[in-house]
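Letters A, B, ... are given to chains in the order of the sequence lines, protein chains preceding strands, and every chain is numbered from 1.
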There are 2 protein chains.
Amino acid sequence: MQTIDLCQERRELILEELRRNGKVVAAELSARYSVSEDTIRRDLSELAAAKLLKRVHGGALPLTPSRGPYYERDKQHLEVKPGLSLAASRLVKDGQLILFGGGTMNAEIARNLPLDLRATAVTTSPLIALYLLEYTHVEVVMVGGHMNRRELVTCGAEATEKIRGFQADICFLGVCGVHPEVGITSTLYEEVELVRALIEQSGEVIATLTADKLGAIAPFFVASADNITHIVTEKSVPEEQLAPYRTLGIQIVRAE
Amino acid sequence: MQTIDLCQERRELILEELRRNGKVVAAELSARYSVSEDTIRRDLSELAAAKLLKRVHGGALPLTPSRGPYYERDKQHLEVKPGLSLAASRLVKDGQLILFGGGTMNAEIARNLPLDLRATAVTTSPLIALYLLEYTHVEVVMVGGHMNRRELVTCGAEATEKIRGFQADICFLGVCGVHPEVGITSTLYEEVELVRALIEQSGEVIATLTADKLGAIAPFFVASADNITHIVTEKSVPEEQLAPYRTLGIQIVRAE
DNA sequence: CACTATAATGCAAAATACCGCAAAAACACG
DNA sequence: CGTGTTTTTGCGGTATTTTGCATTATAGTG
């Protein structure tokens with residue numbers, strides 16, 4: 001049992017427990033912090049009012065407790081993805097060593113490769129690995145490590161190090177934004193080093209981008225844009241938006 | 001296992017199971033959450049009123065009958081697998097470090113764990129990794145390496161070495177046959193060393209076996225049968241067939 | 001049609017929530 | 001240091017929710 005004299009501190013601890021355990025029970029909190037259940041109830045009401053948790057009978061639950069599987073989660077860009085992924089998949093040639101980054105776009109590419117492709121493919125995503133195993137003549141190497149639940153990839157130093165052991169012909173970046181001046185950016189800090197490794201270990205570097213990712217800037221800087229050799233994007237993107245990328249020497253593939 | 005004391009929490013878990021399995025059965029839910037069927041019925045009624053599921057006699061179904069793209073490579077033993085995997089999954093406890101071998105049976109176990117399980121899980125199978133990532137409170141470690149297409153697992157020296165870096169509480173063997181005298185055998189030579197590592201690095205060693213694998217002998221010898229601590233098998237298996245395993249000190253769990 | 005499993009309904013007990021109020025503590029300020 | 005104010009807390013009383021049980025009704029099955 002702990003002594004808590006600051007009501008705010010207690011609320012922080014409640015939130016912390018909620019994050020850790022996925023739920024909090026009013027009666028347990030009352031006992032743990034040696035305060036009446038009324039006090040706990042008030043705490044929970046306040047936190048609920050601040051939209052930090054969801055109040056339920058007997059305790060509280062996180063705001064977003066349940067999500068479907070990752071590969072069903074991403075329903076965005078359903079119209080353009082097939083076209084983009086098909087165009088991107090055509091950049092692969094027999095005999096190449098291919099590196100796959102994470103993300104739903106790359107998963108889409110991985111399931112749209114030529115059926116008779118002969119190649120070796122390396123990936124950090126178990127979903128992509130499963131898709132790749134469908135190709136009889138593709139050797140699949142899965143890069144292990146601790147898995148990131150959000151992006152469905154292994155990341156961290158171990159994975160990065162493994163990637164650096166390959167000298168690949170081509171890689172498909174899972175990027176969150178590419179801006180001509182700011183460069184390649186990511187929303188996942190743990191992934192930054194891994195993406196850098198992909199870029200450095202690969203001859204061709206492919207970024208397959210829906211229109212909204214062209215010029216977008218995510219929180220974490222990865223590398224300058226001229227590290228990319230090919231951008232695959234939608235046909236609808238106006239030429240003037242693409243010009244700065246061409247200037248950087250990036251080949252543009254307009255899908256569909 | 002965590003007790004469910006919040007009504008809303010139970011309802012969310014029901015919805016989660018519904019998304020995952022495509023159906024829920026009132027009687028099973030009642031047993032799982034240790035509440036009366038009346039309570040479950042009320043839960044289902046509420047959720048149905050909120051248009052979150054479709055109420056049917058004996059349980060409930062999703063509103064959209066389309067199921068997710070879960071891999072179902074192995075259509076064998078479809079009747080007994082749910083029972084076996086459920087019985088096997090009950091051997092897992094909160095806080096454990098779990099090693100998963102390959103095989104469809106283990107995949108089935110991985111997708112039938114308690115939804116609120118807190119544990120760390122290590123696997124060589126990308127399919128199992130995907131299933132495991134569905135559990136919010138399970139840390140997933142994917143063991144990388146060259147992938148075996150047939151068994152859908154990474155194997156080889158690299159994977160074996162990684163496995164030896166863990167000291168696990170429990171492991172689920174993906175075995176092809178267990179004979180009381182011949183021992184544990186496998187049909188995949190590359191997997192032999194890896195299975196040995198699983199056994200040696202783990203306290204409890206679980207073999208989940210359909211009736212036809214009990215007493216079966218595959219080409220490659222892995223280890224003697226007494227390395228197994230628990231065999232989970234079908235209820236229909238006669239006691240005299242199990243006796244030799246009991247003599248070896250193996251605990252038998254008869255499912256269903 | 002009979003038999004079983006599941007559902008619906010009403011009810012009572014227990015747990016939990018809500019409301020108002022007052023004591024206690026913390027705080028601001030002259 | 002004293003005083004007034006605000007915040008936090010606990011308590012009593014009442015309302016609401018949740019749950020299990022008993023009873024009656026209904027659906028599924030052969």
Side-chain angles (χ1 to χ4, degrees), chain A residues 1-18 20-63 65-66, chain B residues 1-63 65 78-80 82-83 86 114-116 235 255-256:
Chain A
M1 188 185 297
Q2 11 185 338
T3 327
I4 304 296
D5 18 43
L6 303 175
C7 122
Q8 202 183 14
E9 182 187 3
R10 186 181 55 238
R11 292 180 183 176
E12 301 269 350
L13 288 171
I14 291 174
L15 280 178
E16 179 60 28
E17 178 174 347
L18 184 61
R20 282 213 320 274
N21 287 354
K23 73 168 183 190
V24 286
V25 179
E28 292 176 4
L29 293 173
S30 165
R32 168 136 6 107
Y33 299 131
S34 308
V35 292
S36 73
E37 295 199 17
D38 295 73
T39 303
I40 295 297
R41 259 192 287 277
R42 268 184 286 251
D43 287 340
L44 295 181
S45 300
E46 291 281 331
L47 293 170
K51 302 248 186 290
L52 292 169
L53 49 74
K54 184 171 71 177
R55 192 67 227 283
V56 298
H57 208 89
L61 293 173
L63 286 174
S66 53
Chain B
M1 180 71 180
Q2 197 182 2
T3 48
I4 308 298
D5 25 27
L6 302 181
C7 158
Q8 294 303 323
E9 182 190 15
R10 186 182 56 240
R11 293 182 182 173
E12 291 191 352
L13 288 173
I14 291 173
L15 280 178
E16 180 65 26
E17 179 175 344
L18 185 61
R19 272 193 292 274
R20 180 175 292 244
N21 286 348
K23 71 166 184 185
V24 287
V25 179
E28 292 176 5
L29 294 172
S30 164
R32 169 136 5 111
Y33 299 128
S34 308
V35 292
S36 72
E37 295 198 19
D38 296 73
T39 302
I40 294 297
R41 258 191 287 278
R42 267 183 288 248
D43 286 341
L44 296 181
S45 301
E46 292 279 332
L47 293 171
K51 302 252 185 285
L52 292 169
L53 50 74
K54 186 170 71 176
R55 194 66 227 283
V56 295
H57 216 87
L61 294 173
L63 290 175
L78 279 185
E79 307 78 25
V80 295
L86 197 65
L115 286 174
D116 55 350
K235 204 175 183 181
E256 210 162 336

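Taking the side chain of Ser45(B) as heavy atoms from C-beta on, and the options dA8(C), dG10(D), dT18(D), the nearest nucleotide is dA8(C). Across dG10(D), dT19(D), dG28(D), the shortest atom-to-atom separation from the side chain of Cys7(B) is found for dT19(D). Comparing atom distances between the Arg41(A) side chain and each of dT6(C), dC18(C), dG20(D) picks out dC18(C) as nearest. Side-chain proximity of His57(B) to the nucleotides dT19(D), dA17(C), dA27(D) is greatest for dA27(D). Set against dA7(C), dG12(D), dA17(C), the side chain of Asp38(A) has dG12(D) as its closest nucleotide. With distances taken from any side-chain atom of Ser36(A) to the nucleotides dG10(D), dT9(D), dA17(C), the minimum falls on dG10(D).
Here Arg55(B) lies in heavy-atom contact (under 4.0 Å) with sugar-phosphate atoms only. Among the heavy atoms of the strands, none lies under 4.0 Å from Val25(B).
Checking the phosphate oxygens (OP1, OP2) of dT9(D), no side-chain nitrogen or oxygen of Thr39(A) falls inside 4.0 Å.
Spacing between atom CD of Gln8(B) and atom C1' of dT16(C) amounts to 13 Å, rounded to whole angstrom units. Rounded to whole angstrom, the span from the CG atom of Leu29(A) across to the P atom of dA17(C) amounts to 11 Å. Arg10(B) has its CZ atom 16 Å from the P atom of dT17(D), to the nearest Å. In this structure, Arg42(B) atom CZ and dA8(C) atom C1' are separated by 10 Å, rounded to whole Å. Counting to the nearest Å, the C1' atom of dT16(C) and the CG atom of Leu6(B) are 11 Å from each other. One interatomic measurement links the two molecules: CD of Glu37(A) to C1' of dG10(D), which rounds to 12 Å at whole-angstrom precision. As a whole-Å value, the separation of Asp43(A) CG from dT7(D) P is 15 Å. Between Ile40(A) atom CD1 and dA17(C) atom P the separation is 11 Å, expressed in whole Å.
Two residues are said to be in side-chain contact when any heavy atoms from C-beta on lie closer than 4.5 Å; Leu29(A) and Arg32(A) meet this criterion. Considering only heavy atoms from C-beta on, Val35(A) comes within 4.5 Å of Arg10(A) through its side chain.
With sequence neighbours excluded, no residue satisfies salt bridge (Lys or Arg N to Asp or Glu O under 4.0 Å) with Glu28(B). Annotation: side chain to side chain donor-acceptor pair (under 3.5 Å) contacts of Ser36(A) (sequence neighbours excluded): Thr39(A).
In this structure a side-chain-to-backbone donor-acceptor pair under 3.5 Å is missing from Ser30(A) to Ala26(A).
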